[in-house]
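Sequence lines set the chain letters: A, B, ... in the order given, protein chains first and strands last, and positions in each chain run from 1.
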Amino acid sequence: MDLETIKALVEVLGQSDVEELELQTAGTHLRIRRAVGPRPAPVNGLVAEPSVETGGTPAAGAQPAAEESLAQPGEIVVTAPMVGTFYRAPAPDAPPYVEVGDTVEPGQPLCIIEAMKLMNEIEAEQRGRVRKILVANAQPVEYGQPLFVLEPL
Amino acid sequence: MDLETIKALVEVLGQSDVEELELQTAGTHLRIRRAVGPRPAPVNGLVAEPSVETGGTPAAGAQPAAEESLAQPGEIVVTAPMVGTFYRAPAPDAPPYVEVGDTVEPGQPLCIIEAMKLMNEIEAEQRGRVRKILVANAQPVEYGQPLFVLEPL
Amino acid sequence: MEFRKVLVANRGEIAVRIIRALHQMNIEAVAIYSEADRDALHVRLADQAVCVGPGPSAQSYLNIPNIISAALLTGVDAIHPGYGYLSERADFAEICESHGIVFIGPPPAAIQQMGDKAQAREFMRQAGVPVLPGSDGPVTSEAQALAVAKEIGYPVLIKASAGGGGRGMRAARTPDELQRLYHQARREAEAAFGSGEVYLERLIERPRHVEIQVLADQHGTAIHLGERECSLQRRHQKVVEEAPSPAVSPELRARMGEAALRGVRACGYVNAGTVEFLLDEEGNFYFLEMNTRIQVEHPVTEEVTGIDLVREQIRIAQGEPLGYDQADVVIRGHAIEVRLNAEDPARNFMPSPGVITRFHLPGGPGVRVDTAVQQGSVISPFYDSMFAKLIVRDADRAGAVARMRAALDELEIEGVATNVELLRLIMSDPHFEAGRLSTRFIEERILDRLAGEGGRGHG
Amino acid sequence: MEFRKVLVANRGEIAVRIIRALHQMNIEAVAIYSEADRDALHVRLADQAVCVGPGPSAQSYLNIPNIISAALLTGVDAIHPGYGYLSERADFAEICESHGIVFIGPPPAAIQQMGDKAQAREFMRQAGVPVLPGSDGPVTSEAQALAVAKEIGYPVLIKASAGGGGRGMRAARTPDELQRLYHQARREAEAAFGSGEVYLERLIERPRHVEIQVLADQHGTAIHLGERECSLQRRHQKVVEEAPSPAVSPELRARMGEAALRGVRACGYVNAGTVEFLLDEEGNFYFLEMNTRIQVEHPVTEEVTGIDLVREQIRIAQGEPLGYDQADVVIRGHAIEVRLNAEDPARNFMPSPGVITRFHLPGGPGVRVDTAVQQGSVISPFYDSMFAKLIVRDADRAGAVARMRAALDELEIEGVATNVELLRLIMSDPHFEAGRLSTRFIEERILDRLAGEGGRGHG
């Protein structure tokens, strides 16, 4: 990281309302902090840093923090509205609700989340094409965990 | 990371409202923090914050942190080499060793610091003109406390 | 049954407290968290963590289906509910049981029994526990209220059967007041708890709040661990707690403990619980209510008895016998706890959420801190404003007070307003120093001084 | 005499510890500091602070003229020397006295008496304290050494009279070895202490290091507070300490305590002190040396007795009677202390100074931390590498060990290398768990495993 880059970053910060910038790349850790009053609380509840450390244990497969990089700008991430077990098909031998590349309509079921013996169908809210399926069949999911990436149509 | 880079960074910060910058690269950890708010400027390679809070109690009259603003660049600050009581004259009725405006020669006594009943003459190390006398007569001083500002001649 | 893995259905300092106890017992801990708590200490300390909903508690920490799902998916043996949230929900305890998960707490029936205040009072009265003269059940009309009040004597207190936290509670000093406030109290109770049922009790003007900690195992052993003095309250919220109480002699302790245990045995209670009493100036005590869970202020009892209450809860839930009896419980020294709240005394103690930008905690001998907060932590507007408990102990009360003063002086908290100045004023009050306490102490002796000193939260 | 103001002639955690005790006693605290410690916690906590010199200790914390000047200028009544630095300098204690300043410690004569190891050993022997069979005074020639060794039997230990920290110390198993090592030890002692005087003692192969804490007031009352087990050492530096010792029965405790008190009474000792013994596998104990000051490991005694040792030091120096006697001292529970050092196990435990960039401390029940370090603090290359002490207590040893394990797991330290991994290995060692300890435990059971796991300091 050269001086010019850092200078540029400092300038960018000065013109923004960003209070602190932290950058970690291979071998480099940069932190710039502006002089401002007390820090505001993070919005929207979602703070960075994946705190879910499960090490091969059931719950919490994909880390929500990874969400950002999974979806391109404009894409839709469908997240789990409850804690439970994710199923791609209505029954063990039935075909999956959707596959990558499928077009889905609003209200069309995408998967089932089983919670406390109840099967909850999770439906698409918008029209779109399935770009990614992020959780394997029969895996446990936590609240807010990304399940699908849809490309809006 | 060379000196020029660090100097440049310090300048960049000085012109910005950035309060703190931290940079870690292989083998290097740099942290720059601007003096904002109540913290006094660092002195003499010493760290800021006047830690001597005496509130009318004997020891430590002037606060070392004030030094920076007292001396202009190039001026010499004579500090106390020991803890004790500062006297401007060799005896209660004798005239002071030096007054503001006096020229002093190397080896010329500037004051006495009394420590454990012993009178220690503090001598000028360089030729100079006395610009400021920072401690009043018969005041206690701590180690490293600024006593005089001399203008080199 | 030895637990291998336990889910902690709570957040904040008590979740951290429970996780530490589990780890010390070699049991894996599963945390649950809301989206607002993703970075919280209890999540970091746990072996596994499951997000159960968005920030608001109703959708996360009170979301029973998601919490039970998390428990089933992680394969835990038991759930510890902490305090607040689901800890006194008999239905939750039942759901746990029906899923084969041990609820670390009393049987659902005991929770139910003690959850209805009027019913609990009547139950205790029949078990031989002293209760305040009162209506022996709900009062359903103004006329009945007036008749009861005439019998027990004024002043009287109108209380909501489903109540708690002072809501639906009114003091009446004359029949006129009673007529007016009876309806007010009913309306408030209806709004707060969905039930307008109220009952009457004799009002004690300056009572102490003194509570007895009990432990009961599944094998019929029930003991008490002495009392906690919790008189220092603001709007029915405890602020400072201590053990032992300066007003309780060994003889009174034994009598109060025995009374508490009569109630405990009568309702088939198991696990840790607290029987709260009002204590008047003559040393008479009256059952107030029973909390069927661990209390916020449990550390002061731990400090003077040397018994780890959360560990005992877990051991009892595993089916272990207590392994000691009443004679083994020795009170040694004195402990005081203060609750550190992010609230602004200058704005009528409004919660003051924000980021803790500086946090220096005192340490050294006799100082304990229970907190889930670190420098840089966010105090979320979604949850309780209490962010830490500072507990000191020393050989005697004077030593403990001196230690608390020094500890409060050392504390540095920046970024949020706190109640530290209020606590400092309490610790330097001569009546406090002399142990002359009542539930009106803070309103009568401290609040004005707080205003007088600018009413600002300090540090 | 009630002290109004006391100067703390030390730095780091013990300075903070003493300042806290002073504040709890309502006594003003004056800190001294070097230029390297301007931002240190002990400076911030004190009511006044005086800079006494540049970073190196010899010019600051050992600078007697500047320290005495600071004491006189700030008008203190007394000086507390802490441990290390000036704490065992009889001349410093005398200078304090001659300036009318109370030295918080024993009389200079007692410091002197116990400072010379050979003299102290002879003194204790005459007072009826068991000592190892040895030379009864210095050995001045190789021939004398051989004769003494023949009489007391091999293996023997050659020790420097002025010694400490293992310097000038050699174990000889045969006459040949003794001939060679005698001269080595003398040269090393000469270089380290300015005196080549050595003496001989019988060597115990796998001894425990067990020490008795004593308190003696100015009115003739002397008591002991039981023992501390300090066998876990690396290069004669204690690493883990606990109380009580797993090897000491109540009966042995009483005998060791009585032996320690015989020595204490004989030398007219006043204030807190520690009598160190070697304990062999048969339960025989032998006087090792006496430390005439507070010890680093004093907290474990505080945790199991409930007695604040630093406060007792100050009370005794004020002339107060202890106010309790031997029968009042009750050992309750079990406490363990570990020393957290900034040192790199991968580089042969070289000190690892630096900035602590992340610092999360465990908390909750039974956990105490004594430290002067916070996140952002600098660990200076000028001073000792110990930056914190982590102390746990529980009802029994197994509980304390479990608690320490969980506490070490929770600890997060970044920015400097530490010995935490070494401590974790100790806590999980089955011999440690079983209480089978000796002064060779770490070298025999831990160091190899540390290397085997990569030899890295963790977190």
Quick one: does [X]'s side chain get under 4.5 Å of [Y]'s, heavy atoms only?
X        : Y        : result
D:Pro365 : C:Arg17  : yes
D:Gln374 : C:Leu361 : no
D:Val401 : C:Gln24  : no

Select one option (side chain, backbone, both, neither) describing which atoms of [X] are under 4.5 Å from chain D's heavy atoms.
X        : result
C:Val310 : neither
C:Gln375 : neither
C:Ile391 : neither

Any carboxylate oxygen within less than 4.0 angstrom of a Lys/Arg side-chain nitrogen, looking at [X] and [Y]?
X        : Y        : value
D:Arg403 : C:Asp308 : yes
C:Glu303 : D:Arg393 : yes
D:Arg20  : C:Asp409 : no
C:Glu410 : D:Arg44  : no

D:Gly306 versus C:Ala395, closest heavy-atom pair with distance: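 Heavy atoms only, the tightest pair is O-CB, 4.4 Å.
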Heavy-atom pair with the smallest gap, counting every atom of D:Arg332 and C:Val304: NH2-O, 3.0 Å
Residue, of [options], that accumulates the most heavy atom pairs under 4.5 Å with chain D:
options                                : value
C:Val367, C:Ile307, C:Leu309, C:Asp370 : C:Asp370
C:Asn26, C:Val330, C:Thr371            : C:Val330
C:Lys389, C:His23, C:Met404, C:Arg368  : C:Arg368
C:Arg311, C:Glu302, C:Glu13            : C:Arg311

CZ/D:Arg358: more than 12 non-hydrogen atoms of other groups inside 6.0 Å: yes
